[in-house]
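What follows is one structure encoded as structure tokens, with my remarks underneath.
Sequence lines set the chain letters: A, B, ... in the order given, protein chains first and strands last, and positions in each chain run from 1.
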Number of protein chains: 2
Amino acid sequence: MPITIADVASRAGVSKTTVSRVLNGKGEIHARTAARVRAVIDELGYVPSARAVGLARGRTRVVGMLVPALTWPWMGEVLQGAVDTVESAGYGLMLLTCNRGEASLRQFASQVSAKSFDGLLVIEPEGSLDYIAELHGRGLPVVLIDDRAHQRPFPSVATTNRGGGESAARHLLELGRRRPLVIKGCEEFGCTQERLAGFAETYHAAGLPLDPQLVVGGDFTFDCGSRAVSRLTEAGIDFDAVFAHNDLSAGGALQAIRATGRRIPQDVAVVGFDDIPYAAHTEPPLTTVHQPMREMGEAAARMLLSCFEGVPLPEAPSVIPTTLIVRGSTGVPSPADRRAVGPRRPEPEPFPQIR
Amino acid sequence: MPITIADVASRAGVSKTTVSRVLNGKGEIHARTAARVRAVIDELGYVPSARAVGLARGRTRVVGMLVPALTWPWMGEVLQGAVDTVESAGYGLMLLTCNRGEASLRQFASQVSAKSFDGLLVIEPEGSLDYIAELHGRGLPVVLIDDRAHQRPFPSVATTNRGGGESAARHLLELGRRRPLVIKGCEEFGCTQERLAGFAETYHAAGLPLDPQLVVGGDFTFDCGSRAVSRLTEAGIDFDAVFAHNDLSAGGALQAIRATGRRIPQDVAVVGFDDIPYAAHTEPPLTTVHQPMREMGEAAARMLLSCFEGVPLPEAPSVIPTTLIVRGSTGVPSPADRRAVGPRRPEPEPFPQIR
DNA sequence: CTGAAAGCGCTTACAG
DNA sequence: CTGAAAGCGCTTACAG
């Protein structure tokens, strides 16, 4: 009983062709006819069936978004950016995951084969990068939100992980810290390498190459941060700063340092990476490198949408810079205080993090 | 050039009808014929077009999920539960938001009219509950993840907000706390009322009705928690415990209490609500009422899917209980320690919260 | 057990 | 400026 284009046509006394033309603004139509058709459309509250339009036109007006996990702390921001952009353009966003092993990759592949979406947004496809590359090769529009795209020409959005590492190093150097401890992220992520490289090079250039003992492995968890600090402290290896590759591990470091009785930032200054909401609430609040997650989601979605409009996808990554956010863990006394250092300060975005 | 059912049919030397029957396992088919068709399907890697199947069958095999915001700390868990369940059933999950005012509600409405999905999962529709109710009335399968559904018969999944408040109260009573401060959530959420009611009744039943001065408004933010504590402290109003309606505001309370030099839990015991990952990392770690967000997402998705299979949606809410998680903020000495109290302890789920 | 044909609800040459 | 007809890729009575 849902109303169709045929209902509109007969009620307006025109053909379905004419209704379709009014709907899509194609072809010349007598103003009076168009007005009449529009009136009927409004009267009946007619909306074309997405299925039928999709079949006839060969596209779905749906964007797929493949994510590794929905529970990572910054994932909501990326998603929000992407979904806002996609919806504003009148598209839908289909959420896809393929982190439940082989079976779920098959699921994903069959969604692709079924042509359930016109293009794909992908966040850090760990195991599936090759498959994604193949899809891209076969003509499916794909935009990555990832760093590893640097390696091959691939449409993607990235941030300045290396630059972020540099800014953290410059900040700690300005504070006179000579022996920073680096707590790395998972090795398999490109961002880990970049953040380390930027940080290490800056210290090296300042005549203070990193002590290899002070560059320790981590896995982006709170626990890896606190363990790293405890281990070095027990081993009697000294450090006067910490650069952790994400905020969670920085938070772990913060707690472990305080547990040993050292003061932050006087004895040890701590810098994280990400700027998730948690960073503003540690004790003291965490200085960190802000990643523009929401903006990256928006930019990736915009790229994909304009590709649908015929704009070719750029092969070089679109890079949105990080920003150093200085808080108490490196020296600002008041917990409420917060200032940005660097070329651009992100808008004072509201983080709607209630409940 | 994508291959269609016609390609498979001609290559297998049968009609499209037969291919369709093999695909869908309908009707009697000669074993040999079926095998041949299946071989061709595999050989060609044929997957039916979702658009065409949708149009022919009148359903999309897509579930819509309407969320108020993607950046709330527990949203990822709900989403993960829903998407896992939906994908395992071979369905897709279309993410919808309508929090950008009137325009975005229209966007949503038009997705509904376009019949872009077969059913809808809805999380706490603040402004749109009436519209959702109307859609449900018109026959769109809808499952709510919300508490307010209690009020009208509506298929929904909820948790024991009242019971959670009770368990918090019992725990604090056992610890001998007689003057608890309650930091409420936003008034417009049903959960706020329920959590307060359960807590207040339990204290009342123990002969210790709450002091009205100690029940203060809040908005689920970190800041509202710290402000509430500071304000009462300055006013010289005494309390020996805090029950905050979410973990963020409990975290704020925690910091403010420590800032005044009082010890936790010796001087003030603190209990939160939600059990987001943050709760395990406060100083001291936060005792809190665990909400089964992922399970709620899964349950809601399962309800909707079985409705597609013909099982009628229950009008009474499906309730998944909360669990009290006891940590250092009410008395466990070691930060690593954690034990569950109550009828059911949630599985020791891995929170994949890396990066 | 199998197939020709109509139909799902649109769009788009093609013809006028 | 407008419409009849074919087509998008499937499913489903209907007939055999």
Side-chain angles (χ1 to χ4, degrees), chain A residues 1-38 40-41 44-62 90 110-118 308, chain B residues 1-38 40-41 44-62 90 110-118 308:
Chain A
M1 182 153 358
I3 70 148
T4 71
I5 196 172
D7 301 325
V8 176
S10 76
R11 189 140 164 122
V14 296
S15 70
K16 296 188 294 175
T17 307
T18 298
V19 177
S20 174
R21 280 199 270 253
V22 171
L23 243 20
N24 302 296
K26 286 188 183 168
E28 314 287 273
I29 299 181
H30 193 96
R32 186 137 58 218
T33 312
R36 183 151 35 95
V37 171
R38 252 187 285 274
V40 173
I41 288 174
L44 266 41
Y46 168 67
V47 176
S49 151
R51 295 191 285 264
V53 175
L55 182 57
R57 275 215 270 251
R59 16 201 253 120
T60 55
R61 289 190 79 81
V62 171
S110 94
Q111 291 279 17
V112 175
S113 307
K115 285 170 283 299
S116 298
F117 38 78
D118 299 337
F308 297 157
Chain B
M1 206 140 348
I3 68 150
T4 71
I5 196 172
D7 300 325
V8 176
S10 75
R11 188 141 166 127
V14 297
S15 71
K16 295 188 295 175
T17 307
T18 299
V19 177
S20 174
R21 279 199 272 253
V22 171
L23 243 20
N24 301 297
K26 286 188 181 167
E28 314 285 274
I29 300 180
H30 193 95
R32 186 138 58 218
T33 312
R36 185 151 34 96
V37 170
R38 250 187 286 273
V40 173
I41 288 174
L44 266 40
Y46 168 67
V47 177
S49 151
R51 295 190 284 265
V53 175
L55 182 57
R57 276 214 271 249
R59 20 203 247 118
T60 55
R61 289 190 79 81
V62 171
S110 93
Q111 291 279 17
V112 175
S113 307
K115 285 171 282 300
S116 298
F117 38 78
D118 299 337
F308 297 155

Without decimals, in angstroms, what is the distance between [X] [atom1] and [N] [atom2]?
X: A:R57; N: D:dG9; atom1: CZ; atom2: C1'; value: 17 Å
X: B:K26; N: C:dG3; atom1: NZ; atom2: C1'; value: 17 Å
X: B:N24; N: D:dT12; atom1: CG; atom2: P; value: 7 Å
X: A:H30; N: D:dC1; atom1: NE2; atom2: P; value: 8 Å
X: A:R59; N: D:dG9; atom1: CZ; atom2: P; value: 15 Å
X: A:R32; N: D:dC1; atom1: CZ; atom2: C1'; value: 13 Å
X: A:R36; N: D:dT2; atom1: CZ; atom2: C1'; value: 11 Å
X: B:R51; N: C:dT11; atom1: CZ; atom2: C1'; value: 13 Å

Which part of the nucleic acid, if any, lies within contact of [X], taking any heavy atom under 4.0 Å across all strands shown: a base, the sugar-phosphate backbone alone, or nothing?
X: A:K16; value: base
X: A:L55; value: base
X: B:S49; value: sugar-phosphate
X: B:T4; value: sugar-phosphate

Between [X] and [Y], what is the shortest heavy-atom contact and its length?
X: A:F308; Y: A:D118; answer: CE2-O, 3.5 Å
X: B:A34; Y: B:V22; answer: CA-CG2, 4.1 Å
X: A:K115; Y: B:P2; answer: NZ-CB, 3.8 Å

Looking only at the side chain of A:A52 (C-beta and beyond, no hydrogens), which of the listed nucleotides D:dG3, D:dT11, C:dC10 gets closest?
C:dC10
Looking at the side chain of A:I29, which of D:dT2, C:dG3, C:dC10 is the nearest nucleotide?
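Looking only at side-chain atoms, A:I29 lies closest to D:dT2.
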Using Watson-Crick or G-U wobble geometry with both distances below 3.5 Å, tell me the partner of C:dG16, or none.
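D:dC1 is the nucleotide pairing with C:dG16.
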With respect to the phosphate group of [N], does any side-chain polar atom (N or O) of [X] fall under 4.0 Å of OP1 or OP2?
X: A:S15; N: D:dT2; result: no
X: A:T33; N: D:dT2; result: yes
X: A:S20; N: C:dC10; result: no

Hey, are the side chains of B:R61 and B:V53 touching, using non-hydrogen atoms and a 4.5 Å cut-off?
no
Tell me which one of A:D7, A:L23, A:V37 satisfies side chain to side chain contact (heavy atoms under 4.5 Å, CB included) with A:Y46.
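With A:Y46 as partner, A:D7, A:L23, A:V37 yield a single side chain to side chain contact (heavy atoms under 4.5 Å, CB included), made by A:L23.
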Donor/acceptor link under 3.5 angstrom from B:T17 side chain onto base of D:dT11
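Check fails, no donor-acceptor contact within cut-off.
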